[in-house]
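Chain letters run A, B, ... following the sequence lines, proteins first, then strands; residues in each count from 1.
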There are 4 protein chains.
Amino acid sequence: MTHSKSVRRSPGKRERLAAAAAQVLHEQGVEQTTLADIARAADVPVGNVYYYFKTKNELVEAAIDAHAQNLRAVIGALDALPTPQDRLKALLNGWIEQRELTAQYGCPTGTLASELDKRADGLDQAIAKVIQVLIDWAEQQFQAMGRDDSRELAIALIAAYQGVSLLTNTFRAPDLMTAEGRRLERWIDSLT
Amino acid sequence: MTHSKSVRRSPGKRERLAAAAAQVLHEQGVEQTTLADIARAADVPVGNVYYYFKTKNELVEAAIDAHAQNLRAVIGALDALPTPQDRLKALLNGWIEQRELTAQYGCPTGTLASELDKRADGLDQAIAKVIQVLIDWAEQQFQAMGRDDSRELAIALIAAYQGVSLLTNTFRAPDLMTAEGRRLERWIDSLT
Amino acid sequence: MTHSKSVRRSPGKRERLAAAAAQVLHEQGVEQTTLADIARAADVPVGNVYYYFKTKNELVEAAIDAHAQNLRAVIGALDALPTPQDRLKALLNGWIEQRELTAQYGCPTGTLASELDKRADGLDQAIAKVIQVLIDWAEQQFQAMGRDDSRELAIALIAAYQGVSLLTNTFRAPDLMTAEGRRLERWIDSLT
Amino acid sequence: MTHSKSVRRSPGKRERLAAAAAQVLHEQGVEQTTLADIARAADVPVGNVYYYFKTKNELVEAAIDAHAQNLRAVIGALDALPTPQDRLKALLNGWIEQRELTAQYGCPTGTLASELDKRADGLDQAIAKVIQVLIDWAEQQFQAMGRDDSRELAIALIAAYQGVSLLTNTFRAPDLMTAEGRRLERWIDSLT
DNA sequence: TATGAATGAGGGTTCATTCAT
DNA sequence: TATGAATGAACCCTCATTCAT
């Protein structure tokens with residue numbers, strides 16, 4: 001049992017910064033985003049940011065964590081559904097529902113992965129892990145469907161999502177996501 | 001004997017810069033790349049770069065043009081093949097052959113599209129056009145195969161490539177590209 | 001007893017920069033003056049200047065404001081004198097007293113007006129307003145003297161000053177200012 | 001067919017450059033004007049400028065000479081008039097006729113004097129000489145009118161012109177020049 | 001003479017990070 | 001803890017001047 005968790009630091013300020021970072025980094029990109037941008041979005045004085053995060057990289061890391069946490073929540077909700085097909089299709093529906101955001105800024109984890117790859121820090125590993133979690137989960141679903149090529153199918157599914165996210169974003173065309181989502185749905189049905 | 005077209009302008013210096021830009025921007029990303037980086041890669045003094053390109057953005061544009069030109073060449077070569085299936089599979093093979101480069105730096109056009117989207121310049125439109133050319137070409141192939149859902153299939157194919165490029169890059173796993181390429185090959189065969 | 005307004009911000013640093021700008025810009029001219037010049041004159045690190053002024057133009061603007069403020073102070077002092085003739089003559093004496101500075105660098109507002117006119121920013125309007133204030137004040141004095149051509153006389157007076165400032169500066173001849181000042185004094189006496 | 005006067009250098013190219021320099025420097029100011037600007041205005045390739053003028057300063061000098069030459073021509077024309085009053089009034093009329101140009105760019109020699117004063121080169125002396133010529137000429141006219149304060153009057157006249165030019169330019173108000181010109185005319189009449 | 005191209009020094013500006021309180 | 005202010009390295013870009021032909 002954890003006792004109380006000594007709270008001297010303003011409650012949630014760190015979380016507010018992480019959430020702001022996740023959002024602003026998604027919208028503007030890592031390089032285009034200033035610490036001041038994030039601080040402003042979180043309504044925290046610039047100088048104070050460094051009390052919670054020693055470097056900009058740590059803030060990016062926190063944003064990745066936020067994405068990971070969000071992914072876990074999504075997966076948790078999906079797991080409540082009865083069949084793997086239901087779960088996968090619900091995932092697709094979630095993607096489709098986010099199509100407007102995706103058209104504007106791309107997939108949050110995908111664009112982050114793309115950006116962080118060009119940097120020397122170890123942050124690319126962190127974001128890779130997040131995507132890995134999603135792939136692993138998808139693999140489990142396909143396995144539950146009795147497929148022995150579950151890994152390959154999982155890769156194909158996530159790749160399809162990442163790819164169409166990029167196209168949706170590039171052409172600012174949310175309908176691309178809808179169409180591809182529907183196509184993937186039919187594809188899943190065809191696998192049983 | 002080559003005819004004596006007096007070459008005052010150092011021959012191809014502009015092209016050398018554009019090519020260097022295309023490469024370095026791919027490897028390092030747009031924001032991480034300095035003009036000095038490009039200048040060095042092209043072995044051109046920094047100040048001289050501005051004789052050929054008035055801004056950094058123009059250099060990025062030139063890099064995009066270089067990618068477009070390269071794409072046209074690739075497509076031109078593919079068009080020499082007899083059947084649309086042959087042409088599409090040859091495209092897949094090209095992607096697979098480039099898997100090491102993709103694992104290191106991602107798809108040149110895809111990462112560029114992702115990055116440029118976060119910027120205010122009109123460069124995102126330029127890279128969008130390049131990708132559009134590829135989609136259009138793929139659409140023609142599926143059409144030649146007698147499919148009336150050729151557009152959707154084209155999107156699916158290019159999205160699959162972009163997506164698996166991102167994963168290949170994120171996990172530094174060239175094999176992902178190989179596996180997905182093979183899968184797409186079977187998929188194409190199944191469409192006839 | 002001074003109230004204890006806690007001074008975190010280095011007191012008057014912004015003002016120090018503005019004052020330094022006013023002086024250095026006057027001495028060297030706007031284009032010839034580097035931000036580093038102003039920073040050095042104010043004993044402020046270059047990078048820190050941007051904490052107070054986002055662009056060089058803003059610094060120029062601050063310098064103009066400083067001139068405006070100074071002008072208001074001068075006018076305020078003059079207004080304490082009994083008759084308009086006294087006030088105008090006191091103005092002339094002020095010009096004469098500054099003759100050495102004028103010989104070296106010209107009239108602060110005049111040279112600034114001349115320079116800023118050749119630029120695309122709206123700064124020319126700002127300096128115009130400063131000069132307008134002086135003209136308006138002079139007009140009031142002539143009006144108080146009962147002249148119905150007060151506006152024309154005001155223009156003539158300020159023009160005479162600006163013109164002789166330019167000659168004083170061009171020929172590095174402070175005596176020109178003295179002589180013209182005396183002449184203008186007689187002219188004012190002749191107007192009653 | 002005239003041979004004479006060995007013409008190897010393109011005839012008048014140097015003059016064209018000097019004239020272009022005079023105009024562009026007046027319009028844009030010395031610091032804001034690049035060599036390329038002048039070269040373009042004279043329709044001469046940039047590299048070729050240096051065959052005629054070794055430095056930018058020499059071009060400025062040439063522009064000053066052009067102004068000097070122009071002034072001599074003006075004075076020459078004025079000297080044809082019968083009385084000194086006529087001559088001085090004709091000078092005033094010339095100023096009034098140029099009021100639109102003055103409103104846009106100020107007095108060509110005055111603005112140049114103002115700018116060159118802030119520079120370390122000896123060019124300020126050159127422009128000072130030009131203005132001196134005008135003052136000397138005016139002095140002669142007042143002398144011919146029998147005034148023993150001719151020098152002071154000359155200074156007053158030229159100062160009035162320079163000053164009102166600055167105001168005309170600052171306020172973009174050509175009418176200021178007209179009004180002050182008329183006033184000076186009455187003043188001259190009053191001196192006899 | 002003529003000319004496109006080359007060169008390098010310097011200027012304005014941004015921003016992650018640190019400091020002092 | 002909290003915060004405004006400070007710092008300096010680096011970047012993009014301009015331009016007078018020089019070079020090579």
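When distances are taken from the side chain of D:N48 to each of F:dG4, F:dT7, E:dA2, the shortest belongs to E:dA2. Closest to the A:K56 side chain, of the nucleotides E:dT14, E:dG11, E:dT17, is E:dT17. The side chain of B:Y51 approaches E:dA5 more closely than any other nucleotide in the set E:dT13, E:dT7, E:dA5. Listed candidates were F:dA5, F:dA2, E:dA5. Nearest to the side chain of A:K13 is F:dA2. In this structure, of E:dA6, F:dA5, E:dT13, it is E:dT13 that holds the atom nearest to the side chain of C:L35.
Between B:E31 and A:K118, none of the side-chain N atoms (NZ, or NE/NH1/NH2) sits under 4.0 Å from a carboxylate O, so this pair counts as no salt bridge.
D:F53 has its side chain within reach of D:R14: a pair of non-hydrogen atoms, C-beta onward, lies under 4.5 Å apart. The side-chain heavy atoms of B:L101 and B:Q104, taken from C-beta on, include no pair separated by under 4.5 Å. Contact of the A:L35 side chain with the A:Y50 side chain is registered, since non-hydrogen atoms from C-beta on lie closer than 4.5 Å. Here the side chains of A:D121 and A:V60 are not in contact, with every heavy-atom distance at 4.5 Å or above. Between A:D37 and A:R40, the closest side-chain pair of non-hydrogen atoms falls below 4.5 Å.
Using a 4.0 Å cut-off, some side-chain N or O of B:Y50 falls inside it from OP1 or OP2 of F:dC13. Side-chain nitrogen and oxygen atoms of D:Y52 include none within less than 4.0 Å of the OP1 or OP2 phosphate oxygen of E:dT1.
Shown here is D:Q69, whose CD atom has no more than 12 heavy atoms of other residues, nucleotides or ligands within 6.0 Å.
Along DNA chain E, the nucleotide nearest to C:T34 and the one nearest to D:V44 differ in position, and the one closer to the 5' end is contacted by D:V44. Taking for each of B:G47 and C:V46 the nucleotide of DNA chain F with the nearest heavy atom, the 5'-most of the two is the partner of C:V46.
As a whole-Å value, the separation of D:R40 CZ from E:dG4 P is 13 Å. Atom-to-atom, CG of C:D43 to C1' of F:dA6 comes out at 13 Å; the value is rounded to the nearest Å. Rounded to whole Å, atom P of E:dT1 lies 14 Å from atom CG of D:L17. Between A:N57 atom CG and E:dC15 atom C1' there is a gap of 15 Å when expressed in whole angstrom units. Between D:F53 atom CZ and E:dT1 atom C1' there is a gap of 15 Å when expressed in whole angstrom units. B:K54 has its NZ atom 12 Å from the P atom of F:dC13, to the nearest Å. Here E:dG11 presents its C1' atom at 13 Å from CD of D:E31, a figure rounded to the nearest Å. The interatomic distance linking D:Q32 (CD) with F:dC15 (P) rounds to 10 Å, in whole Å.
Of all the heavy atoms in D:N57 and D:R119, the pair that sits closest is OD1-NH2, 2.7 Å.
Between the side chain of D:H26 and the main chain of D:T109, no donor-acceptor pair closer than 3.5 Å is present. Within the 3.5 Å criterion, the main-chain N or O of B:A36 finds no donor-acceptor partner in the side chain of B:T34.
Consecutive pairing runs in DNA chain F reach the stem threshold at E:2-21 with F:2-21, where a stem means at least three Watson-Crick or G-U wobble pairs with distances under 3.5 Å.
Contacts between residues 117-126 of chain D and DNA chain F, counted as heavy-atom distances below 4.0 Å, involve no residue at all. Applying a 4.0 Å cut-off to non-hydrogen atoms, none of the residues of residues 18-29 of chain C approaches DNA chain F.
Of the candidates A:T111, A:T170, A:N169, B:D117 forms a side chain to side chain donor-acceptor pair (under 3.5 Å) with just one, namely A:N169.
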Item to complete: Verify side chain to side chain contact (heavy atoms under 4.5 Å, CB included) between C:V30 and C:L112, making sure each step is shown before the conclusion.
Response: CA-CA 8 Å; C:V30 176; C:L112 215 39; 3.6 Å; yes

